[in-house]
Amino acid sequence: MRPSSILILTGAGISAESGVETFRDKGGIWSRVKLEDVATPEGFARDPAMVHAFYNARRAGLSTVEPNAAHHALAKLERLHEGAVTLVTQNIDDLHERAGSRNIVHMHGELTKAFCAACGAHSVAAGDLSVDLTCAACGHAGSMRPDVVWFGEGPYHMDDIYKRLMIADLFVSIGTSGAVYPAAGLVAEARAAGIRTLELNLEPSDGTPLFDEARHGRASVLVPEFVAKILTQS
Ligand code: NAD
Ligand code: APR
């Protein structure tokens with residue numbers, strides 16, 4: 001029977017076929033860059049210019065990539081499925097938006113946004129961020145940072161995510177290694193609530209044993225197949 005409410009979690013793997021690097025695959029970002037240097041508040045305090053350069057390069061890279069069939073299939077599901085479809089992503093790219101998804105929760109923030117560490121104002125990051133920028137809201141100099149949640153910082157919107165998960169009757173995890181909490185803990189929360197769980201990933205992840213069903217292969221193949229099956233169910 002067609003599920004009435006679906007909560008979908010995505011990770012870097014859904015963007016891999018668009019040419020966006022993942023983190024823990026062979027040759028992934030963390031095999032080249034120390035996450036302590038670019039994805040922790042301590043790293044930013046130590047060398048803000050280097051952290052800005054890391055995210056400025058990733059933000060510039062967004063203009064060279066396009067959503068793939070997996071992103072488009074999820075946008076189609078949101079458009080055509082009468083029930084609720086919530087998309088929770090760990091990704092900081094904007095590929096889900098560019099594919100047409102609207103009901104998106106970015107739990108690790110967004111590369112296209114910035115925020116002021118002095119006053120907390122969020123803004124669009126139009127172009128490169130740097131230590132020379134002043135905050136348009138409070139005028140403070142040097143406090144603009146990428147609007148990205150770093151290790152050790154609380155993710156965004158967790159209360160909302162848990163509320164939406166608890167009313168779902170299907171939880172689908174796509175393209176994530178299940179290495180980082182609290183995203184990696186959602187499958188256990190779903191199981192405890194009696195919610196059906198499905199993993200679509202290139203290979204078994206840390207969380208695979210917890211899923212009712214796991215299909216392994218490329219997201220650009222598995223996700224359109226999953227969406228087509230849901231939309232043909234009555
Ligand atoms: P975690 O303990 O699940 O981290 C998973 C892995 O990341 C660890 O096994 C370790 O290899 C590495 N790691 C974690 N914290 C580190 C640190 N301070 N220095 C070096 N390596 C570290 O994750 P966590 O530390 O409990 O962080 C979870 C919080 O961080 C969550 O709120 C999550 O939303 C956020 N987060 C954000 C990002 C991001 O880049 N946007 C990445 C991961 C976690
Ligand atoms: N199709 C489906 N899955 C894929 C594909 C693909 N084409 N390519 C890779 N994958 C899978 C890999 O098998 C892996 O399990 O995607 C997963 C990517 O895992 P990670 O690189 O760990 O990325 P993610 O799970 O999103 O990392 C979680 O850690 O460092 C932080 O902020 C970062 O949000 C990220 C978080």
Side-chain angles (χ1 to χ4, degrees), residues 7-44 51 54-55 57-59 61-62 65-74 87-96 99 104-113 145-158 161 171-188 197-211 213-227:
L7 189 133
I8 297 164
L9 171 70
T10 63
I14 199 169
S15 298
E17 289 167 85
S18 294
V20 179
E21 288 178 298
T22 64
F23 294 92
R24 296 175 183 84
D25 286 316
K26 191 169 177 311
I29 295 174
W30 296 147
S31 68
R32 267 197 340 278
V33 180
K34 285 177 67 183
L35 69 81
E36 296 87 335
D37 291 342
V38 295
T40 62
E42 299 81 5
F44 186 65
V51 174
F54 174 72
Y55 289 96
R58 290 179 67 192
R59 189 175 306 106
L62 290 181
V65 296
E66 293 294 332
N68 64 56
H71 296 103
H72 287 297
L74 294 183
L87 183 50
V88 175
T89 187
Q90 299 173 88
N91 299 340
I92 58 177
D93 63 53
D94 60 349
L95 293 176
H96 283 305
I104 306 171
V105 180
H106 277 275
M107 64 185 294
H108 283 174
E110 297 178 72
L111 198 49
T112 56
K113 293 190 178 150
R145 58 166 272 187
D147 191 0
V148 169
V149 176
W150 286 328
F151 284 102
E153 294 181 329
Y156 292 153
H157 314 302
M158 278 320 291
I161 292 169
F171 170 68
V172 188
S173 175
I174 302 171
T176 179
S177 60
V180 173
Y181 287 81
L186 291 176
V187 58
T197 56
L198 168 65
E199 179 182 59
L200 305 176
N201 203 59
L202 188 64
E203 58 202 9
S205 72
D206 292 356
T208 297
L210 290 174
F211 284 89
E213 185 187 356
R215 297 176 202 152
H216 296 137
R218 290 184 301 117
S220 63
V221 173
L222 294 181
V223 179
E225 284 175 353
F226 159 72
V227 168

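Counting starts at 1 for both ligands and their atoms, following the listed order.
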Any idea which part of [X] is under 4.0 Å from ligand 2, heavy-atom wise: side chain, backbone, both or neither?
| X | value |
| --- | --- |
| E17 | side chain |
| Q90 | both |
| L202 | both |
| A179 | neither |
| A12 | both |

Original post:
Can you name the closest pair of heavy atoms from N201 and I174 and give their distance?
Top reply: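 Taking every non-hydrogen atom into account, OD1-C, 4.5 Å.
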Subject >> Lys/Arg N to Asp/Glu carboxylate O, R145 vs E153, below 4.0 Å >> reply: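 Yes, this pair counts.
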Original post:
Does a side-chain N-to-carboxylate-O contact under 4.0 Å join R32 and E21?
Top reply: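 Yes, R32 and E21 are salt-bridged.
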Subject >> Residue list, ring pair (Phe, Tyr, Trp, His ring centres under 6.0 Å) with H106, at least two apart or on another chain >> reply: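 If we apply the ring pair (Phe, Tyr, Trp, His ring centres under 6.0 Å) test to H106, skipping adjacent residues, there are no hits.
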Considering only heavy atoms, which of [options] lies nearest to [atom]?
| atom | options | value |
| --- | --- | --- |
| atom 19 (O) of ligand 2 | S177, G178, A183 | S177 |
| atom 18 (C) of ligand 2 | S18, G175, G11 | G175 |
| atom 14 (C) of ligand 2 | D25, T208, I174 | D25 |

Original post:
By number and element, which atoms of ligand 2 are closer than 4.0 Å to a non-hydrogen atom of A219?
Top reply: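 In order of numbering, the contacting atoms are 1 (N), 2 (C), 6 (C).
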Original post:
Is the closest side-chain donor-acceptor distance between D94 and T112 under 3.5 Å?
Top reply: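 Checked: D94/T112 side chains show no N/O donor-acceptor pair below 3.5 Å.
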